Amino acid sequence: MKYNVSEIESKWQKKWDDAGVFCAKDGDPRKKFYALVEFPYPSGAGMHVGHIKAYSGLEVISRKRRMQGYNVLFPIGFDAYGLPTENYAIKTGIHPRQVTDKNIEKFSSQLRRVGFSFDWNRVIDTTQEDYYKWTQYIFLKLFENGLAFRDTALVNYCPTCKVVLSNEDSQGGKCDICHSDVIQKSKDVWYLRITEYADKLLQGLDTVDYLPNVTQQQVNWIGKSTGAFVNFTVAGTEETLRIYTTRCDTLFGVTFMVIAPEHPLIDQMADRINNMDAVLAYRAECAKKTEFERTQLVKDKTGVCLDGLRAVNPVNGKEIPIFIADYVMMGYGTGAIMAVPAHDERDWAFAKKFGVDIVEVIKGGNIEEGAYAGDGEMVNSDFLNGYTNKKDSIARMLEYLKEKGIGEMGVQYKMKDWAFNRQRYWGEPIPIVHCPKCGMVPVPYEQLPLRLPNVTEFAPGEGGESPLAKIEEFVNCECPKCGGKARRETDTMPQWAGSSWYFLRYIDPNNDSCIADPEKLKYWLPVDWYNGGMEHVTRHMIYSRFWHHFLYDIGEVPTAEPYAKRTAQGLILGPDGEKMSKSKGNVVDPNEVVDVYGADVLRTYILFMGDYGSAAPWSENGVKGCKRFLERFADAYDLISGKPMSAKLESAIHKTVKKVSEDLEEMKFNTAIAAMMGLLNDIYAEGNITKDAYNMLVRLLCPIAPHLCEELWETMGGKGFCALAPWPEYDEAKTIDAEIELPVQINGKVRGKITVAADAAKEDILAAAKANAGVAAAIEGKTLIKEILVPGKLISLVVK
RNA sequence: GCCGGUGUGUCGGAAUGGCAGACGAGGUGGACUCAAAAUCCUCUGAUGGCAACAUCGUGUGGGUUCAAGUCCCACCACCGGCACCA
């Protein structure tokens, strides 16, 4: 049967839409299934084949679930605040609102053309007032609970985009948006205290089913380390110098201390430091370096000794020198370390360069040649001497520190608090008022949303202030608390704010009185399966888990974790095997593929091109192969006859239903499609298929090529939509062949093949094997040592 | 440096310890055609052989096993994450 591909595709898209086939029903008694894909940023460039791949995985699973009788929520929306739209506005003068609306319209029509089974009644747009009202609401809750605060600190700043960036947004020392080098700048900024949730985010990972590398990346990013805080004193003063260490058992090997160039001790003790000029010069030198440079210059250690200051080692009372050096960071631990050159590479290199003593406290290495970081017997360590196990010696030292009141166990995280404001226009206004009398005052809840005012100038100010700062009517306001004159916060939230809770809004997108109805949240949460890109694992995924844990703690949501399961798709590379980019000219436009081949072919190819989780290059010929497959599949309709099929083909059909059903669950779409292709070859070889069997196959292929399957379903007289027809069931008994072919190995090499009944007795099989001509020749005149029969697999004979 | 992953034809890629290379692409030869495209059929890991067949073959070197792409040990290469993190 021949079909005009594009004709049937728009026809079925309209019918699905009209009938509301993909609308989720709140509170339905059927089992629920919430499938979530990362909603797109509606860029001007339009859809990318990567979007199609990202959505196709759960698209297939969602369609399968509907056929299995689930009440499926598979929503889509737009994460529309962000810099690209704003930069476009600065360049063209067109308002971001207009640009956003246009892009959303474009994306929507492109997504519909692919036939995704999204519930279009629940579309959200993070830039709409009725959405960002609740983003602001959550911010106020965070503020109320002390998790949103302002602080002056060194921040990552992108001089090109003129914005402060979070740690997550400046990975590798590069701005996430424009890729220029990020510099460190002291600025008064908003933070969200995500570090408060570090442990919950870590522990929560044990309760969810994430891809192992997703979990691993989050664990790395959170970077928990367990150690001890130890208080050293500055000789001749009451001043303590607190350090963090993971090896407090090496305290007797401490021969000097190092503090970060920014450490406050320097200013506190300025009058005691004799070489303050050199110290300040060094500090200025360090300030010039970007954090990236500072963390890259690993080889050569630099630093300055604080002349006039000495520290006292609390375990042995020895006086030791204090240095400042940029290999110690103010942002980790306490900004100060105890240096154990014998057992730490960096300390060793520093000690060698500055001629400081090296004292061995763990036997096993040669401390003249390098630091020894391995295990060994403790020496020169008073009460720790003789310990050989790191765990025991640390435990003993912790006990001692506690007893003497000079230190205690402590935990550190690499993750830092989330720098949460942007000096930009196109974002959610931060609902805070600065009152000269009352300080920072939250905008009352009933005044939300705090609307983003209309402006005509989108560029940030030269001083790095938001364009909102120029809007007098916006800035000048009354203090909600005292009624006096006050000024509004003019910074906006970062692009990650709206996406940190969007999956909650899908559940109840039009609710005007709360984030979402608690009953509905209870019904739909958690998200059963979330698929997205690996690039979001240490940003969006961490942020949204943090918000969700917080919302759980204040009773707004019924689960601690938002996502029960997380998978990730691999990239689609250009035909040249390189990452797609405009500059390389290797970008494939999904619209053109739909124009030429149709949506079903595009979907099938994207799922067939390789392992779903791995990167794979685009191949136009591969697309054609999938086109052939779908055409041949449709043509096979003409092979339907009243004649029964061979037992072999019938068995192959049941095996395929089984394999496809299983493979789809594991996102092994490529092998599922391959199995159907193989079966189709078998059907053509036989030249015959029954109507019932073909009907089963139409349903089996439906999640992948839904338009074609609806058309075939209709042609066959199927009731309703194929998309809601029952998922095909296989008969386990029919997946078992009556006769099987077994290879016979002699000393590990295949020498013959025999065909036996599947239920044949062991003796009969072995007899048949030995009777095989090839086998008989190979064992002629030799002694049989061993016979192995692996049922259903092979026969292995060992001869001498 | 630490942690994780991967390594298989010409290419994308398949293989609960059990016939390596499923499926697709590409190539080969043929059919149809004036011709091309499309479609259909044949062959397609390497080497030797007219052939049946034999030998070799999953990054390298060892090992376990009747049997190893798969398990173990050592190494090499590439990819990803973290990183002067104390």
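Here the structure is a predicted model, which is why all the values come from computation and not from measurement. Chain identifiers are assigned alphabetically (A, B, ...) following the order of the sequence lines, protein sequences preceding nucleic acid strands; residue numbering begins at 1 within each chain.
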Peer 1: Using nucleotides 80-82 of chain B, report all nitrogen or oxygen pairs with the protein that are shorter than 3.5 Å.
Peer 2:
| residue | atom | partner | partner atom | Å |
| --- | --- | --- | --- | --- |
| B/rC82 | OP1 | A/Gln171 | OE1 | 3.1 |
| B/rC82 | O2' | A/Lys414 | NZ | 2.9 |

Peer 1: Distance between the P atoms of B/rG9 and B/rG61, in whole angstroms?
Peer 2: 15 Å
Peer 1: Between A/Asn747 (CG) and B/rA68 (P), how many Å, whole number?
Peer 2: 12 Å
Peer 1: Take atom C1' in B/rA86 and the same atom in B/rG4, then report the distance between them in whole Å.
Peer 2: 24 Å
Peer 1: C1' atom, B/rC3 versus B/rG57: distance in rounded Å?
Peer 2: 34 Å
Peer 1: On the nucleotide B/rA86, are OP1 or OP2 found under 4.0 Å from the side-chain N or O atoms that A/Tyr332 carries?
Peer 2: yes
Peer 1: Can a salt bridge be assigned to the pair A/Glu739 and A/Lys648 using a cut-off of 4.0 Å between side-chain N and carboxylate O?
Peer 2: no
Peer 1: For A/Glu631 and B/rA38, give me the distance from atom CD to atom C1', rounded to whole Å.
Peer 2: 9 Å
Peer 1: Find the distance A/Leu571:CG to B/rC79:C1' and express it as a whole number of Å.
Peer 2: 12 Å
Peer 1: Tell me whether A/Glu631 is salt-bridged to A/Lys627, with the criterion being a basic N under 4.0 Å from an acidic carboxylate O.
Peer 2: yes
Peer 1: Is A/Lys659 salt-bridged to A/Glu665, cutoff N-O under 4.0 Å?
Peer 2: no
Peer 1: To the nearest Å, give me how far apart CZ (A/Phe232) and C1' (B/rA86) are.
Peer 2: 12 Å
Peer 1: Can you tell me the distance, in whole Å, between the NZ atom of A/Lys786 and the P atom of B/rU65?
Peer 2: 9 Å
Peer 1: Using a cut-off of 4.0 Å on non-hydrogen atoms, how would the nucleic acid contact of A/Lys749 be classed: base, sugar-phosphate, or nothing?
Peer 2: sugar-phosphate
Peer 1: For A/Tyr684, is the NZ or CZ atom of A/Arg632 found under 6.0 angstrom from the centre of its six-membered ring and inside 45 degrees of the ring axis?
Peer 2: yes
Peer 1: Using the P atom as the point on both nucleotides, what is the distance between B/rA67 and B/rG18, in whole Å?
Peer 2: 14 Å
Peer 1: What do the steps show when you test A/Val790 against A/Ile795 for side-chain contact (heavy atoms from CB on, under 4.5 Å), and what is the final call?
Peer 2: CA-CA 6 Å; A/Val790 185; A/Ile795 298 140; over 6 Å; no
Peer 1: Judged by modelled atom types alone, do A/Thr240 and A/Asn231 share a side-chain donor-acceptor pair under 3.5 Å?
Peer 2: no
Peer 1: Do A/Thr567 and A/Tyr210 get their side chains close enough for a donor-acceptor pair, meaning under 3.5 Å?
Peer 2: no
Peer 1: Between B/rU28 and B/rA20, how many Å separate the two C1' atoms, rounded to a whole number?
Peer 2: 23 Å
Peer 1: Please determine whether a side-chain nitrogen of the Lys or Arg among A/Asp611 and A/Lys668 lies less than 4.0 Å from a carboxylate oxygen of the Asp or Glu.
Peer 2: no
Peer 1: Within the pair A/Arg751 and B/rC53, is there a side-chain N or O less than 4.0 Å away from OP1 or OP2?
Peer 2: no
Peer 1: I'd like the C1' distance from B/rC78 over to B/rG29, given in whole Å.
Peer 2: 39 Å
Peer 1: Between B/rC84 atom P and A/His343 atom NE2, what is the distance in whole Å?
Peer 2: 23 Å
Peer 1: Using the C1' atom as the point on both nucleotides, what is the distance between B/rC19 and B/rG26, in whole Å?
Peer 2: 26 Å
Peer 1: Considering just the side-chain nitrogens and oxygens of A/Arg346, establish if one lies under 4.0 Å of OP1 or OP2 belonging to B/rG1.
Peer 2: no
Peer 1: Return a single string for nucleotides 13-26 of chain B, one symbol per nucleotide in 5' to 3' order, where B is base contact, S is sugar-phosphate-only contact and - is none, cutoff 4.0 angstrom on heavy atoms.
Peer 2: SSSB-BB--BBSSS
Peer 1: Measure NZ/A/Lys224 against C1'/B/rC3 and give the value in whole Å, please.
Peer 2: 18 Å
Peer 1: In terms of side-chain heavy atoms, does A/Glu38 have a donor or acceptor partner in A/His540 at a distance below 3.5 Å?
Peer 2: no
Peer 1: When the ring planes of A/Tyr543 and A/Trp418 are compared, do they come out parallel, tilted or perpendicular, using 30° and 60° as the limits?
Peer 2: parallel
Peer 1: For the P atoms, the ones on B/rU42 and on B/rG30, what distance do you get once it is rounded to whole angstrom?
Peer 2: 16 Å
Peer 1: Tell me whether A/Glu787 is salt-bridged to A/Lys762, with the criterion being a basic N under 4.0 Å from an acidic carboxylate O.
Peer 2: no
Peer 1: A/Phe354 ring centre to A/Lys301 NZ or CZ under 6.0 Å, with the angle to the axis within 45°?
Peer 2: no
Peer 1: If I take atom CG in residue A/Leu639 and atom C1' in nucleotide B/rC40, what distance separates them, rounded to the nearest angstrom?
Peer 2: 14 Å
Peer 1: Dot-bracket, 5' to 3', for RNA chain B please: Watson-Crick or G-U pairs under 3.5 Å, [ ] where pairs cross earlier ones, | where the partner sits on another strand, dots elsewhere.
Peer 2: (((((((..(((.....[....)))((.(((.......))).))((((....))))..(((((..]....))))))))))))....
Peer 1: Would you mind calling B/rG9 syn or anti? Take O4'-C1'-N9-C4 for purines or O4'-C1'-N1-C2 for pyrimidines, and syn is within 90° of 0.
Peer 2: syn
Peer 1: Is it the case that the side chains of A/Tyr327 and A/Asp347 hold a donor-acceptor pair, with the cut-off being a distance below 3.5 Å and no angle test?
Peer 2: yes
